[in-house]
Amino acid sequence: MLQIFKSTDAGMIALERIESGAWINLVNPGKSEISYVSENLNIPVEHIIAALDEEERARIEVDGNCTVVLIDAPVPNVEAKEGGVYYTVPLGIIITDKNIVTVSLRENHVINNFVERKIKSFYTFKKTRFFLQILYNNSKLYLRYLRDIDKTSGLIENRLHKSLRNKELIQLLELEKSLVYFSTSLKSNEMVLEKIQRSNPIKMYPEDSELLDDVIIENKQAIEMANIYSNILSGTMDAYASVISNNLNIVMKFLTSVTIVLSIPTMIASFFGMNVDVPFESNPHAFTIIFIISMFFCDYYSTDHG
């Protein structure tokens with residue numbers, strides 16, 4: 001999908017062709033769309049394709065007349081039956097002399113918020129400011145999703161208190177995987193942000209530098225939250241694993257005791273069932289006496305070893 005937008009006095013409008021000062025948004029583009037953008041903006045095709053590789057690492061690169069920035073953006077797993085499960089995908093931002101291009105393999109709320117005009121005070125022709133606003137909203141989105149993960153884990157824990165089932169434990173495991181993805185991606189993004197701050201590959205005004213500082217602060221906060229939630233979730237799963245193991249030990253101890261208790265009357269009945277002379281064989285109350293003896297030994301064992 002290829003979308004072209006441009007800020008005007010009347011607001012942001014959609015265009016049919018690329019113009020100076022326009023924002024070009026590519027989402028899982030076809031070959032013809034990639035070629036069109038590459039030829040019109042003189043961007044090497046490999047820079048656009050790199051953002052479509054899910055395994056591509058976050059980085060920043062200056063190549064001739066364009067600056068290529070790859071970051072990791074959070075995406076909810078729509079296939080998950082319950083919310084709170086996320087992963088990350090690369091988001092490419094290419095800044096040229098007159099335009100800015102965003103490239104992603106899947107739709108994400110970072111870019112959609114700009115497309116749907118939910119972000120105020122952004123202009124497509126202010127490329128540096130727009131670029132930093134994308135980074136800022138990406139960090140804010142991480143924080144939002146992290147809070148959702150924490151809320152979801154709390155709901156699952158409440159259900160676990162009532163019933164220790166594999167379903168809830170698997171859901172906690174999925175949340176932990178999401179936190180691992182987030183933590184890894186946020187650290188990669190941090191390296192890109194620090195490189196931007198250190199080497200200044202993009203021309204910035206004083207207010208842009210302040211916004212970059214805000215982006216770095218938000219990203220660091222997201223890293224800390226991801227680490228805290230990951231440690232809490234890991235400790236919770238270990239605790240429930242210990243509870244399940246302890247419950248299993250109690251059940252096994254009970255079943256072992258029942259097996260031993262039931263083996264006592266079986267042993268006595270087997271002894272008196274032999275075709276040899278045995279005590280009480282002429283006693284008319286033999287069955288009652290043997291039953292009482294069996295119950296006595298069963299009660300004695302269960303009292304001492306129960």
Side-chain angles (χ1 to χ4, degrees), residues 50-51 53-61 67-77 80 83-93 102 104-106 108-114 119 128-157 171-202 204 208-238:
D53 182 4
E54 290 187 347
E55 304 300 325
E56 190 71 24
R57 62 183 178 83
R59 57 184 171 83
I60 180 170
E61 178 182 348
T67 301
V68 182
V69 180
L70 284 176
I71 59 172
D72 291 323
V75 178
N77 187 353
V85 181
Y86 304 91
Y87 60 100
T88 59
V89 295
L91 171 60
I93 307 169
T102 55
S104 57
L105 185 61
R106 292 179 177 82
N108 57 80
H109 289 300
V110 178
I111 298 301
N112 285 348
N113 286 339
F114 289 95
I119 307 299
T128 302
R129 186 74 176 180
F130 184 20
F131 162 68
L132 293 175
Q133 286 175 313
I134 292 174
L135 297 183
Y136 182 78
N137 281 278
N138 187 57
S139 298
K140 296 289 287 186
L141 193 62
Y142 271 108
L143 291 172
R144 171 186 157 190
Y145 286 162
L146 283 167
R147 286 190 287 268
D148 290 343
I149 290 175
D150 183 52
K151 185 184 300 182
T152 303
S153 65
L155 295 175
I156 296 173
E157 287 174 27
Q171 288 175 341
L172 287 178
L173 179 61
E174 291 295 327
L175 292 180
E176 190 172 27
K177 286 170 60 178
S178 298
L179 290 172
V180 171
Y181 291 145
F182 277 16
S183 181
T184 304
S185 297
L186 284 166
K187 289 177 182 177
S188 298
N189 290 351
E190 183 182 36
M191 295 176 62
V192 172
L193 293 173
E194 290 178 348
K195 187 173 182 179
I196 293 173
Q197 187 181 48
R198 183 174 61 252
S199 59
N200 197 23
I202 305 171
M204 294 189 186
D208 295 332
S209 298
E210 293 178 3
L211 181 55
L212 177 59
D213 291 337
D214 292 339
V215 174
I216 293 174
I217 291 172
E218 293 292 325
N219 193 78
K220 287 183 180 295
Q221 182 181 352
I223 292 174
E224 293 176 0
M225 286 180 63
N227 290 334
I228 291 172
Y229 292 160
S230 181
N231 291 335
I232 292 174
L233 198 56
S234 179
T236 300
M237 292 189 66
D238 290 342

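What you see is a predicted model; the values in this text were computed from it and never measured.
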Please round to the nearest 0.5 Å and tell me the distance separating atom [atom1] of [X] and atom [atom2] of [Y].
{"X": "Leu179", "Y": "Asn227", "atom1": "CG", "atom2": "CG", "value": "9.5 Å"}
{"X": "Arg59", "Y": "Leu70", "atom1": "CZ", "atom2": "CG", "value": "4.5 Å"}
{"X": "Leu193", "Y": "Ile217", "atom1": "CG", "atom2": "CD1", "value": "11.5 Å"}
{"X": "Leu135", "Y": "Phe130", "atom1": "CG", "atom2": "CZ", "value": "11.0 Å"}
{"X": "Asn137", "Y": "Leu132", "atom1": "CG", "atom2": "CG", "value": "11.0 Å"}
{"X": "Asn189", "Y": "Ser139", "atom1": "CG", "atom2": "OG", "value": "7.0 Å"}

Might you point out which heavy atoms bring [X] and [Y] nearest each other, and give the distance in Å?
{"X": "Leu143", "Y": "Met225", "value": "CD2-SD, 3.3 Å"}
{"X": "Leu141", "Y": "His109", "value": "CD2-CB, 3.8 Å"}
{"X": "Glu176", "Y": "Ser230", "value": "OE2-O, 4.5 Å"}
{"X": "Ser188", "Y": "Asp72", "value": "CB-OD2, 4.1 Å"}
{"X": "Leu233", "Y": "Ser153", "value": "CD1-CB, 4.0 Å"}
{"X": "Tyr145", "Y": "Pro76", "value": "OH-CD, 3.6 Å"}

Relative to each other, are the rings of Phe182 and Tyr86 parallel, tilted or perpendicular (30° and 60° limits)?
tilted
If we only count heavy atoms from C-beta on, is the Ser178 to Ile149 side-chain gap below 4.5 Å?
yes
Taking C-beta and beyond as the side chain, do Thr67 and Glu61 meet within less than 4.5 Å on heavy atoms?
no
Please answer whether the main-chain N or O of [Y] pairs with a side-chain N or O of [X] as donor and acceptor at a distance below 3.5 Å.
{"X": "Asn219", "Y": "Val215", "result": "no"}
{"X": "Thr184", "Y": "Val180", "result": "yes"}
{"X": "Asn138", "Y": "Ile134", "result": "no"}

Would Leu91 and Val110 count as a side-chain contact (heavy atoms from CB on, under 4.5 Å) if you check the C-alpha gap in whole Å, the side-chain angles of each, and the deciding distance to 0.1 Å?
CA-CA 9 Å; Leu91 171 60; Val110 178; 4.2 Å; yes
Would you call Lys195-Glu190 a salt bridge at under 4.0 Å N-O?
no
Should the pair Glu218-Lys220 be classified as a salt bridge under the 4.0 Å nitrogen-to-oxygen rule?
no
From CA spacing to verdict: side-chain contact (heavy atoms from CB on, under 4.5 Å), Glu54, Arg106:
CA-CA 10 Å; Glu54 290 187 347; Arg106 292 179 177 82; 2.2 Å; yes
Given side-chain contact (heavy atoms from CB on, under 4.5 Å), test Leu186 with Tyr142 step by step and report yes or no.
CA-CA 9 Å; Leu186 284 166; Tyr142 271 108; 3.5 Å; yes
For residues Asn77 and Glu174, is any side-chain donor paired with an opposing acceptor at under 3.5 Å?
no
Under the criterion side-chain contact (heavy atoms from CB on, under 4.5 Å), I'd like the reasoning laid out for Val69 against Val192: C-alpha separation, chi angles, the key distance, then a yes or no.
CA-CA 8 Å; Val69 180; Val192 172; 4.0 Å; yes
